[in-house]
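Inspection log for the structure reproduced underneath, given as C-alpha cells.
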2 protein chains.
Amino acid sequence: MPRTPREPRETRLRQGSRQRREHEKQELRQAIRDAAATLFETHGYEGFSLRQVAEEVGYTPTTIYLYFADKDALLFEIADEGFVRFGEQIHTAAAAVSNPVERLWAIGHAYLAFAEQNPVYYQLMFMQRSDFLLAKREGERRPRIDVLGIVRETVQAGMDDGLIRPGDAATFADGLWAVCHGIAALRISKLPFTAERASAAADMTLGAMLAGMRPATG
Amino acid sequence: MPRTPREPRETRLRQGSRQRREHEKQELRQAIRDAAATLFETHGYEGFSLRQVAEEVGYTPTTIYLYFADKDALLFEIADEGFVRFGEQIHTAAAAVSNPVERLWAIGHAYLAFAEQNPVYYQLMFMQRSDFLLAKREGERRPRIDVLGIVRETVQAGMDDGLIRPGDAATFADGLWAVCHGIAALRISKLPFTAERASAAADMTLGAMLAGMRPATG
DNA sequence: CTCTTTCACTTAACAGTGTTATTTTATTGT
DNA sequence: ACAATAAAATAACACTGTTAAGTGAAAGAG
C-alpha cells in the first residue's frame with residue numbers, strides 16, 4: 001500500500017475542479033475559434049467582425065479578449081488552421097510522385113487546387129495577411145509553413161538528376177511560387193477568370209516554365 | 001453689326017457667374033481628389049479614411065458627399081488615375097520594341113517596374129480592388145485598361161511570325177499576366193522578397209516562359 | 001459554515017469609421 | 001429688399017475594435 005500524501009482527498013478534488021474549469025475554458029476558446037472560422041468564411045476578411053463572433057457564440061464582445069489578445073490573434077489562429085491544411089495537401093501531393101519535375105507539377109496543381117477550394121482562406125493566408133506566413137506561433141521558432149523549402153529542394157533534386165538546367169534553385173523556386181500565386185490570385189480576384197481559363201493558364205504556364213527549365217540539350 | 005440678343009448683358013453676366021461657380025466646384029472636387037490620393041498613398045488602403053480627407057481639405061465629412069457618391073467612388077477615381085499612368089507606361093514600353101518576343105519581355109518588365117515604383121497603387125488596382133479593373137466609368141463602355149489585350153495581340157503577332165509555338169494566344173497572355181502579377185504581389189506582400197530577389201525571379205521566370213513558348217524546332 | 005479572494009463575465013465608455021436627414025448659411029435671381 | 005437656390009455644417013445612426021471599471025458567482029481558507 002502506498003503512503004498517503006498529506007492531503008489526498010482535498011488536493012485531488014481541488015485539482016479536479018481546476019482541471020474541469022480549465023477544460024471548460026478551452027472548450028469556450030474552441031467554440032469562439034470555430035464560430036470565428038465559419039463567420040470568416042461566409043463574410044470574408046473585410047466583413048469579419050469581432051462583435052459578430054461574440055454575438056454568434058453568445059457572449060459580449062469583451063469576453064473574446066479573455067481568450068484572444070485581439071482581433072489579429074483570432075484571425076491568426078484561423079489562418080494557422082488554413083496553413084496546416086494547406087501544408088498537408090501540398091505534402092501528400094508531393095510525396096505521391098518521385099520524379100522531381102513531375103513532383104513540381106504535382107505541387108503546383110495541389111497549390112492551385114487548395115486556392116480553388118478554399119478561396120477565402122487563401123485570400124487571408126497569402127493575400128490580405130501574408131505577414132502571418134512568417135509570424136511564428138507562441139514558442140515555435142520557424143514559421144508554420146515552408147512551401148518554398150519543399151519546392152526549392154525538389155528543384156535542387158531535379159538539378160542533381162540532370163533534369164533541370166543548372167542554376168540557382170532558390171530563384172527557380174521563387175519563380176514557380178510566383179506563377180502559382182499569380183494564377184491563384186487572379187482567379188480569386190473577381191476578374192472574368194473562370195475555373196477552366198485558370199486551369200488552362202496553369203497548365204500552359206507551368207508547362208512552359210518546366211519546359212524552359214529543361215537542360216539546353218533537351 | 002450683328003443683331004443684339006434679347007438680354008445680352010444680363011445673360012452674359014449670369015453665364016459668367018455660373019461658369020465661375022462651376023469652375024470653383026470643379027476646383028474643390030479636384031482638391032478633394034488630390035488630398036485623397038496623397039493621403040491614400042501614405043496611409044494605404046486600410047488606413048484610408050473619408051473623414052481624414054475632409055479634415056485635410058478643410059471641410060466637414062458630409063461635404064465630400066456633394067462631390068463624390070461615396071468612399072468607393074473616391075477610391076475608384078484614385079485607382080483610375082493609377083490605371084492611366086500604368087497604361088501609359090506599358091504602352092510606351094511596348095511601342096519601343098518591334099520584335100514580339102522582346103516586346104513581351106519589355107511589357108513584363110514595365111509591368112513589374114510600375115508595381116515596384118507604385119506599390120500602394122498597384123495594391124489598390126490589382127489586389128484589394130481588382131473589381132475596379134472591370135468597372136466602366138460614367139458613360140464609357142469598355143473598362144479603362146486592357147493590358148491583357150496588348151499582351152494577347154503581341155503573342156498572336158509572335159505566333160504569326162513563327163517566333164512562338166502555335167496555340168491559344170489568350171491562354172499564353174493569361175499565363176504571362178499571372179507570372180507578372182504573381183511576382184508583383186509577392187514582392188508587395190511583406191515577405192522577405194527583396195527587390196533583387198524579385199528581379200532575379202522575374203528574369204528567370206519570364207525567360208523560362210518565353211523559352212518554353214518557343215516553337216519545338218528552336 | 002462563514003469569510004475572503006479569485007475569476008469569468010458584463011456594463012459603460014472611448015475613439016474611430018461610413019453614411020443620412022435636417023438645418024443653417026451664403027449666394028444668386030427677381 | 002426679398003425670395004429662391006445651392007453649398008456647407010450639425011446632429012445623428014449604426015457600426016467597428018478596444019479598454020477600464022464594476023458585478024456576481026464560484027473556489028479556497030479558517
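To find a chain, count down the sequence lines: A is the first, B the second, and so on, and within it residues start at 1.
Sorted by first then second residue, the salt bridge (Lys or Arg N to Asp or Glu O under 4.0 Å) pairs that include residues 73-87 of chain B, not counting sequence neighbours, are B:Arg29-B:Glu77, B:Arg33-B:Glu81, B:Asp80-B:Arg137, B:Asp80-B:Arg144, B:Glu81-B:Arg85. Counting only residues at least two apart or in different chains, salt bridge (Lys or Arg N to Asp or Glu O under 4.0 Å) contacts with residues 34-51 of chain A are absent. For residues 118-132 of chain B, the pairs satisfying salt bridge (Lys or Arg N to Asp or Glu O under 4.0 Å) are B:Asp72-B:Arg129, B:Arg129-B:Asp131, with sequence neighbours left out. Judged as a salt bridge (Lys or Arg N to Asp or Glu O under 4.0 Å), the pairs with a partner in residues 178-200 of chain B (not counting sequence neighbours) are, in order, A:Asp174-B:Arg197, B:Glu116-B:Arg187.
In this structure, the CZ atom of B:Arg29 is 13 Å from the P atom of D:dA7, given to the nearest Å. In this structure, the NZ atom of A:Lys71 is 15 Å from the P atom of D:dC15, given to the nearest Å. Atom CG in B:Asp70 sits about 11 Å away from atom P in C:dG18, given to the nearest Å.
Contacts with DNA chain C (heavy atom under 4.0 Å) in residues 40-69 of chain A: A:Arg51, A:Tyr59, A:Thr60, A:Thr62, A:Thr63, A:Leu66, A:Tyr67, listed by number.
Ring centroid separation for the pair A:Phe126 and A:Phe86 comes in under the 6.0 Å cut-off.
Note on A:Leu74: nothing from the nucleic acid sits closer than 4.0 angstrom, heavy atoms only.
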Taking distance alone, no hydrogens or angles, what donor-acceptor pairs closer than 3.5 Å link side-chain atoms of residues 175-183 of chain B to residues at least two apart or in another chain?
| unit_1 | atom_1 | unit_2 | atom_2 | d |
| --- | --- | --- | --- | --- |
| B:Trp177 | NE1 | B:Tyr111 | OH | 2.9 |
| B:His181 | ND1 | B:Tyr122 | OH | 2.7 |

